[in-house]
Amino acid sequence: MTTTEKTAAVPGPRTPEAAGSPLLQVRDLHVEFHTRDGVVKAVNGVNYSVSAGETLAVLGESGSGKSVTAQAIMGILDMPPAKIPQGEILFRGQDMLTMSGEQRRKIRGAKIAMIFQDALSSLNPVLSVGYQLGEMFRVHQGLSKKDAKAKAIELMDKVKIPAAKSRVGDYPHQFSGGMRQRIMIAMALALEPDLIIADEPTTALDVTVQAQVMDLLAELQREYNMGLILITHDLGVVADVADKIAVMYAGRIVEHAPVGELYKTPAHPYTRGLLDSIPRLDQKGQELYAIKGLPAAAARATSGRRRSMAEPVTKNADREPILQVRNLVKHFPLTQGVLFKKQVGAVKAVDGISFDLYRGETLGIVGESGCGKSTVAKLLMNLERATAGEVFYKGEDITKLTGRALKAVRRNIQMVFQDPYTSLNPRMTVGDIIGEPFDIHPEVAPKGDRRRKVQELLDVVGLNPEYLNRYPHQFSGGQRQRIGIARGLALNPEIIICDEPVSALDVSVQAQVVNLMERLQDEFELSYLFIAHDLSVVRHISDRVGVMYLGKMAEIGTDEEIYEHPTHPYTQALLSAVPVPDPEARGGRERIILSGDVPSPANPPSGCRFRTRCWKAQDKCAEETPLLAVPEALKDTGSLAAHESACHFAEEKDVVGAA
């Protein structure tokens, strides 16, 4: 495999401040894992460097060796089974691989720090965040508990955690995802290191929180003149913040270039494949390229040849309504007491949602975590009983159905779940998982015909029909999601509810799944309710889009109306926060950064629920709840901005820009 190097100047406003030798140099690094099945060469001759004030982005799919390289730099690999047979990791000219454990500990945290991917699992759940932040100072600087606590409060202020002094004693579960990630950043900054390694720091975050976290990282990097290694598979984030990029495939770096040059003229076929796989917020109607197959297994990776691309698909939706949702409400009671429970409040997860779904159409539902998207999905499936409201399927209110009547409707409304790892039973074969719906509805496939039917379904979703006797752990994430889709198709449904079906997948695998869903929609005339927080994917696949905020619908319209002519401030903020994979657009788009977190649905603001974060808020917003309707000023104008929006001061604002 060859590595493509480029030396053209980087377009963009930032220039690394450092001169002279790099902070960190990785030279010909090899990392092996000795397993029962043989030696897995996870990292196979990696070379890169990063200087003070510079951001190096390391890109690649899961299993490419990105995180293993970072763990080798930090000295936190489990050895054995890991082994580093050759290579150098030079920090300020000293090879860390030849240092003693004590010498590495003095560098780790103090000179090189790491921000881990999953903040919730990285933080100790039984220790307060203040104690965990203060531990850095107690161990490395010998400070007293009192002084360490004061330093922890100072750090929490630094990363903009509100009311730091009163929250220093709180535990990780009491913070939102974005706040937990800020705590991880504070922990990495504690001893003012020269270099930070950020391993997928925004993967599980909503787009608005992601923007806050990345802006904070960039601000702190400038303040401390730190080097930053950003490990990610999000090419939009990379375009916004990186100075140079290293693309990894099967343990090797296949292309290394300044960010502007790599995006403009990618030289390696794999890099071109990754870039072509990305759905873009500023483009509609262009087909996604899907890199077929799986990334080469590290144990047997020998070449960097490009995998073939999937054929594009088109879709054609007719306009027959099939599902109508009217004033749907779900309140979860809050109770006190053990023996004698008393309701003291309610979590208003869904609070008056209305929309229609048409035959052959995809309706995208977007919004931040906690806005009620997944609860809507459960209500439509009757997995949760609605507090109020109606859901009409072909004219029949299914919220009141039970027993056989509900069973008959569920045959026609199926669901694909978010996490392909936990939604499949690990003790069942794929054949049993896909065939299980036939046990409930034997009229669809008699017992003697089930094996053939399951094999047909595997073939439809692009898997080998002979895989029916394998177990879920023997498949990749993308293949597991295909199995979930096959299970959803088993009963020939008319509607499939997709709850974040691609959020856990790499961009190339995501493109495969999205293209598959579009092909199946054309073939079987399916209607999709597509729930996601990735607005670029939603634009690519959806005909219409609804934007939810704190249990209510903020805006709904066609994809063109919502993306190119948004009128609600919340929609505008969401769209402006989405990174576009184009370094030349850096600084050219207006960014609307929302402050704070989504309020608690147990105690939502009066009037407009978005007013506490809205720059347009006035007294009227607190006193009157805005209706979801076409704004008066835009009625009869013929403008695409004339669509339903729940805002007293709705007005059009272009935040995406022309493609």
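Counting from 1, the numbers follow the sequence of the chain as shown.
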Peer 1: Would you give the length of the straight line joining atom NE2 of His34 to atom NZ of Lys83, rounded to the nearest 0.5 angstrom?
Peer 2: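 If I round to the nearest 0.5 Å, the distance is 5.0 Å.
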Peer 1: With a 3.5 Å cut-off and sequence neighbours excluded, list the donor-acceptor pairs that the side chains of residues 141-149 form with protein atoms.
Peer 2:
| unit_1 | atom_1 | unit_2 | atom_2 | d |
| --- | --- | --- | --- | --- |
| Ser144 | OG | Asp147 | N | 3.2 |
| Ser144 | OG | Asp147 | OD2 | 3.3 |

Peer 1: How many angstroms lie between CG in Leu230 and NZ in Lys66, if you round to the nearest 0.5 Å?
Peer 2: 11.0 Å
Peer 1: Show the atom names and distances, to 0.1 Å, of all donor-acceptor pairs under 3.5 Å that link a side chain in residues 107-115 to residues at least two apart or in another chain.
Peer 2:
| unit_1 | atom_1 | unit_2 | atom_2 | d |
| --- | --- | --- | --- | --- |
| Arg108 | NH1 | Met74 | O | 2.8 |
| Arg108 | NH1 | Gly75 | O | 3.4 |

Peer 1: Could you tell me whether the side chain of Val26 reaches within less than 4.5 Å of the side chain of Ile73, counting heavy atoms only?
Peer 2: yes
Peer 1: Can a donor-acceptor pair be found, under 3.5 Å and without considering hydrogens, that links the side chain of Arg104 to the backbone of Met96?
Peer 2: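 Between the backbone of Met96 and the side chain of Arg104 there is a qualifying donor-acceptor contact (under 3.5 Å).
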Peer 1: If you define the side chain from C-beta out and look only at heavy atoms, does anything of Val129 sit under 4.5 Å from Met187?
Peer 2: no
Peer 1: Restricting to side chain to side chain contact (heavy atoms under 4.5 Å, CB included), what partner residues turn up for Tyr224, sequence neighbours left out?
Peer 2: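 Expected list: Lys158, Leu189, Glu192, Leu220, Met226.
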Peer 1: Just verifying a value: how many Å separate Gln94 CD and Gln25 CD, rounded to the nearest 0.5 Å?
Peer 2: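 Between atom CD of Gln94 and atom CD of Gln25 there are 12.5 Å.
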Peer 1: Distance check, rounded to the nearest 0.5 Å: Thr271 atom OG1 versus Leu59 atom CG?
Peer 2: 8.5 Å
Peer 1: Output every pair passing side chain to side chain donor-acceptor pair (under 3.5 Å) with a member in residues 68-82, not counting sequence neighbours, ordered by first then second residue.
Peer 2: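 Sorted pair list comes back empty.
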Peer 1: May I ask you to decide if Tyr471's main-chain N or O and His473's side chain share a donor-acceptor pair within less than 3.5 Å?
Peer 2: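 Pair absent, no side-chain N/O of His473 close to backbone of Tyr471.
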Peer 1: Kindly write out the residues that satisfy salt bridge (Lys or Arg N to Asp or Glu O under 4.0 Å) with Asp95, not counting sequence neighbours, or none if the list is empty.
Peer 2: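 Expected list: none.
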Peer 1: Determine whether a donor-acceptor pair (N or O, by modelled atom type, separation under 3.5 Å) exists between the side chain of Asn44 and the backbone of Arg252.
Peer 2: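 Here the side-chain-to-backbone pair does not exist.
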Peer 1: Sequence neighbours excluded, which residues qualify as side chain to side chain contact (heavy atoms under 4.5 Å, CB included) partners of Glu135?
Peer 2: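 Expected list: Arg138, Val139.
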Peer 1: Which residues pass the salt bridge (Lys or Arg N to Asp or Glu O under 4.0 Å) test with Arg105, sequence neighbours left out?
Peer 2: Glu102
Peer 1: When rounded to the nearest 0.5 angstrom, what distance separates CZ in Arg613 from CD1 in Ile592?
Peer 2: 12.5 Å
Peer 1: Taking only residues two or more places apart in sequence, or in another chain, which ones meet Arg470 in a salt bridge (Lys or Arg N to Asp or Glu O under 4.0 Å)?
Peer 2: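 So Arg470 forms no salt bridge (Lys or Arg N to Asp or Glu O under 4.0 Å) with any residue.
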Peer 1: Which residues pass the side chain to side chain contact (heavy atoms under 4.5 Å, CB included) test with Glu154, not counting sequence neighbours?
Peer 2: Lys151
Peer 1: Dump the intermediate steps for side-chain contact (heavy atoms from CB on, under 4.5 Å) on Ile183 and Leu155, then the final yes or no.
Peer 2: CA-CA 9 Å; Ile183 291 164; Leu155 277 173; over 6 Å; no
Peer 1: Could you list the residues that satisfy side-chain hydrogen bond (donor to acceptor under 3.5 Å, both in side chains) with Glu219, not counting sequence neighbours?
Peer 2: Lys160
Peer 1: Could you tell me which residues satisfy side chain to side chain contact (heavy atoms under 4.5 Å, CB included) with Ala150, sequence neighbours excluded, listed by chain and number?
Peer 2: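 Counting only residues at least two positions away or on another chain, Ala150 forms no side chain to side chain contact (heavy atoms under 4.5 Å, CB included).
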Peer 1: Rounded to the nearest 0.5 Å, how far does OH of Tyr48 lie from CD1 of Ile245?
Peer 2: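 Result: 14.0 Å between the selected atoms.
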Peer 1: Got a sec, which residues hit salt bridge (Lys or Arg N to Asp or Glu O under 4.0 Å) with Arg92, two or more places apart in sequence or on another chain?
Peer 2: Asp194
Peer 1: Specify the closest pair of heavy atoms between Val31 and Ala72, including all atoms of both residues, with the distance to one decimal.
Peer 2: CG2-CB, 4.2 Å
